[in-house]
Amino acid sequence: MTVQLPFDHDHPLDVAPLLRQLQRDGVVHRVRTAVGDQAWLVTGYAEVRLLLADERLGRSHPDPARAARLGESALFGGPMGNYDTEQADNARLRSLLQPLFSPRRMRALRPRVDELTAGLLTDLAGHGPPADLHQMLALPLPIQVICELLGVPYADRDQFRGWSEAVGDVRDRARSEQGLGELFGYGRQLVARKREQPGDDVISRLCADDLGDDEIAMLSMGLLFAGHETTVAAIGMGALCLLANPGQQQALVDDPGQITSAVEEILRAPGRGGGGIPRYARTDLQIGEVTVRAGELVLLELRAANHDPAVFPSPDRFDVTRPGPAHASFGHGAHYCLGAPLARIELQAVFGQLLARFPKMRLAVPVEQLRVRSGALTGGLTELPVQW
Ligand code: HEM
């Protein structure tokens with residue numbers, strides 16, 4: 001039987017029952033994507049990690065117009081990049097960006113991230129309960145951080161936020177493509193400005209390399225999108241995990257030294273959002289019992305990998321002291337998230353300070369009432385009403 005995506009499910013944190021069922025049945029499953037195309041869904045932790053690092057799978061397709069699609073988004077909805085040069089192109093992109101996002105550089109940012117977080121929490125205290133933690137913390141922090149890092153004016157946030165949201169629309173390709181076009185045009189303007197007046201920021205440093213304006217605009221806007229959409233979702237879902245599990249919240253209040261493992265659990269635990277990383281088989285290959293044919297779409301289900309009971313005992317339990325192994329939320333292999341060190345710094349600042357200043361914070365509505373953005377690439381909450 002072919003399973004239809006997306007999984008029909010309302011609870012904002014739990015893995016969909018059907019996905020859980022599939023995982024119990026095996027590691028590879030025939031599915032139909034939201035746009036009606038055939039794909040394979042991989043749900044085992046070991047297989048997902050192996051395949052993320054397997055060069056027989058890629059993001060591009062030799063015949064993009066005929067390739068199966070995951071959704072309508074212009075990003076990750078279908079094939080991306082040039083089939084013949086994909087690996088070399090990615091290696092070049094990473095060698096350009098990696099030095100700008102090295103753990104050492106990111107650690108130097110920590111005091112500023114702490115300061116920005118403290119400022120937002122002061123505003124939250126001034127606002128008083130009840131408040132929307134999504135609007136007052138999860139959304140502004142990653143945007144402030146990525147703006148400072150890239151050298152993008154924070155005053156432009158409503159504009160580029162709107163375009164980013166459009167880009168991530170998995171249901172409306174015209175809207176997604178229009179958003180991408182707007183974002184790119186905006187990137188071009190920024191590059192022109194940085195060429196005239198360089199600053200101490202990532203876009204100015206890329207301008208100093210031997211790159212064309214279009215390429216810098218594309219890279220910068222890719223970073224602007226990747227650097228905030230995902231982190232906004234992770235802060236919201238992480239706060240929800242803590243507030244929905246008051247015993248774990250209290251454990252972290254009592255022992256703030258657990259923040260590092262708590263953040264890893266916050267990245268692992270939510271069973272909603274993010275989802276399947278799309279790849280196309282570059283050759284016929286065997287996954288478990290299944291032969292995948294060259295050109296077919298394979299979805300590597302990160303949420304299922306993160307809830308594989310063979311690797312994470314009682315995977316649905318949220319446990320801030322859970323020891324390794326590493327979750328799959330930042331991917332693995334050639335495309336491993338370049339922003340992982342930055343995302344970790346942001347999450348550690350947020351949850352360290354939030355619980356220190358608001359140890360008694362609680363949800364203002366039942367968990368079941370909260371909504372996850374189902375039509376968006378990165379998932380995440382639309383609001384998170386809290387009391388304290
Ligand atoms: C909690 C927050 C984040 C999560 C969960 C996340 C997740 C991911 C995942 C799963 C991938 C791999 C995609 C694939 O294999 O196709 C990825 C790639 C990437 N991420 Fe993140 N990310 C986060 C934050 C960030 C931030 C803050 C930045 C930028 C500053 C960033 C920049 C990137 C870039 C540039 C790539 C592409 C790397 C490549 O294709 O080689 N991410 N991210």
Side-chain angles (χ1 to χ4, degrees), residues 42 48-49 51-55 57-60 70 73 75-77 79-81 86-103 105-106 109 113 138 141-152 164 168 201-203 206 218-239 241 263-270 272-280 297-303 305-306 326-351 377-380:
V42 183
V48 164
R49 277 182 49 105
L51 294 168
L52 281 169
D54 192 327
E55 292 189 345
L57 294 161
R59 285 177 179 162
S60 61
L70 174 57
S73 173
L75 272 186
F76 292 104
M80 294 194 303
E86 175 180 349
Q87 285 169 7
D89 292 346
N90 192 247
R92 181 162 164 277
L93 173 130
R94 292 184 72 94
S95 69
L96 282 169
L97 295 182
Q98 197 107 55
L100 304 175
F101 288 88
S102 68
R105 249 185 214 279
M106 293 304 108
L109 268 184
V113 174
L141 182 72
I143 297 182
Q144 286 179 354
V145 171
I146 200 71
C147 277
E148 289 200 3
L149 193 67
L150 295 180
V152 171
S164 293
D201 55 62
V202 165
I203 301 185
L206 289 171
M218 211 112 74
L219 283 176
S220 312
M221 293 304 102
L223 287 169
L224 186 61
F225 178 85
H228 87 269
E229 279 283 341
T230 45
T231 317
V232 169
I235 295 175
M237 297 304 271
C241 284
V263 162
E264 296 313 301
E265 180 69 347
I266 277 167
L267 284 161
R268 180 200 72 85
R272 295 287 310 278
I277 299 278
R279 294 284 193 264
Y280 294 93
L297 175 60
V298 180
L299 304 171
L300 305 172
E301 232 310 335
L302 302 186
R303 297 166 299 187
N306 283 337
H327 55 74
S329 300
F330 290 127
H332 183 60
H335 293 290
Y336 180 78
C337 177
L338 278 167
L342 177 60
R344 287 194 163 107
I345 285 170
E346 291 186 44
L347 293 169
Q348 288 168 10
V350 162
F351 293 109
L377 195 61
T378 47

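Indexing begins at 1, ligand by ligand and atom by atom, following the structure's order. Residues take their numbers from the sequence shown, with the count starting at 1. Here the structure is a predicted model, which means the values were calculated and not measured.
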Task: Region of Arg94 that comes within reach of ligand 1 [heavy atoms, distance under 4.0 Å] - done: side chain
- [ ] Identify the protein heavy atom lying closest to atom 29 (C) of ligand 1, giving its residue, its atom name and the separation to 0.1 Å.
- [x] Gly227 CA, 3.6 Å
Open item on the list: Within the 4.0 Å heavy-atom shell around Phe101, which atoms of ligand 1 are there?
Closed with: 30 (C)
Task: Closest non-hydrogen atom pair between Ala328 and Ala305, with its separation - done: CB-CB, 4.2 Å
Task: Residue Phe76 vicinity, atoms of ligand 1 by number, heavy atom under 4.0 Å - done: 16 (O)
TODO: Please step through side-chain hydrogen bond (donor to acceptor under 3.5 Å, both in side chains) for the pair Ser60 and Glu86, ending with a clear verdict.
DONE: CA-CA 7 Å; Ser60 61; Glu86 175 180 349; 2.4 Å; yes
Task: Atoms of ligand 1, numbered as shown, that sit under 4.0 Å from any heavy atom of Gly331 - done: 10 (C)
Open item on the list: Taking only non-hydrogen atoms of Arg279, do any sit less than 4.0 angstrom from ligand 1?
Closed with: yes
TODO: For residues Ile203 and Leu224, determine if any side-chain heavy atom of one lies less than 4.5 Å from a side-chain heavy atom of the other.
DONE: no
Open item on the list: Quick test: of every protein heavy atom, which one is nearest to atom 36 (C) of ligand 1, and how far off is it to 0.1 Å?
Closed with: Leu338 N, 4.1 Å
Task: Under 3.5 Å: N/O of His335 near N/O of ligand 1 - done: yes
TODO: For atom 6 (C) of ligand 1, grab the closest protein heavy atom and report residue, atom and distance to one decimal in Å.
DONE: Phe330 CD2, 3.7 Å
Task: Which of the ligand 1 atoms, numbered from 1, are nearer than 4.0 Å to a heavy atom of Ile146 - done: 30 (C)
Open item on the list: If we only consider heavy atoms of Leu302, is any one of them less than 4.0 Å away from an atom in ligand 1?
Closed with: yes
Task: Polar proximity ligand 1 side, Arg59 side, N/O cut 3.5 Å exclusive - done: yes
- [ ] Please work out which of Ala334, Ala343, Ala226, Pro341 has its closest non-hydrogen atom nearest to atom 25 (C) of ligand 1.
- [x] Ala226
Open item on the list: Heavy atom to atom 18 (C) of ligand 1, shortest distance: which of Gly222, Cys337, Gly339 holds it?
Closed with: Cys337
Task: Option of least heavy-atom distance to atom 1 (C) of ligand 1 (set: Ala91, Ala234, Ala233) - done: Ala234
Task: side chain to side chain contact (heavy atoms under 4.5 Å, CB included) between Val152 and Ile146, worked out - done: CA-CA 8 Å; Val152 171; Ile146 200 71; over 6 Å; no
Task: Separation of Leu342 CG from Ser102 OG (nearest 0.5 Å) - done: 11.0 Å
TODO: Decide yes or no on side chain to side chain contact (heavy atoms under 4.5 Å, CB included) for Leu206 and Leu97, but give the supporting numbers first.
DONE: CA-CA 9 Å; Leu206 289 171; Leu97 295 182; 4.2 Å; yes
TODO: Report yes if some heavy atom in the side chain of Leu302 is under 4.5 Å from a heavy atom in the side chain of Ser329; otherwise report no.
DONE: no
Task: Side chain to side chain, Gln87 and Asn90, heavy atoms closer than 4.5 Å - done: no
- [ ] Taking all heavy atoms of Pro270 and all of Met237, pick out the closest pair and write down the distance.
- [x] CG-CB, 3.8 Å
Task: Leu97 touching ligand 1 at heavy-atom level, < 4.0 angstrom - done: no
TODO: Work out whether the distance between some heavy atom of Leu149 and some atom of ligand 1 is less than 4.0 Å.
DONE: no
TODO: Measure the acute angle between the ring planes of Phe330 and His327, then classify it against the limits of 30° and 60° as parallel, tilted or perpendicular.
DONE: tilted
TODO: Looking only at protein heavy atoms, identify the closest one to atom 7 (C) of ligand 1 and say how far it is in Å.
DONE: Ser329 O, 3.4 Å
Task: Protein contact of atom 23 (C) of ligand 1 - nearest heavy atom, named by residue and atom, plus distance - done: Thr230 OG1, 3.2 Å
Task: Test item: Glu346 and Val145 side chains (from C-beta on) under 4.5 Å apart, heavy atoms - done: yes
TODO: Please could you name the atoms of ligand 1 that Asn90 approaches to less than 4.0 Å, counting only its heavy atoms?
DONE: 39 (C), 40 (O), 41 (O)
- [ ] Supply the atom-to-atom distance Leu75 CG to Phe225 CZ, rounded to the nearest 0.5 angstrom.
- [x] 5.5 Å
Task: Per-atom contacts, ligand 1 versus Leu267 - under 4.0 Å to a heavy atom - done: 1 (C)
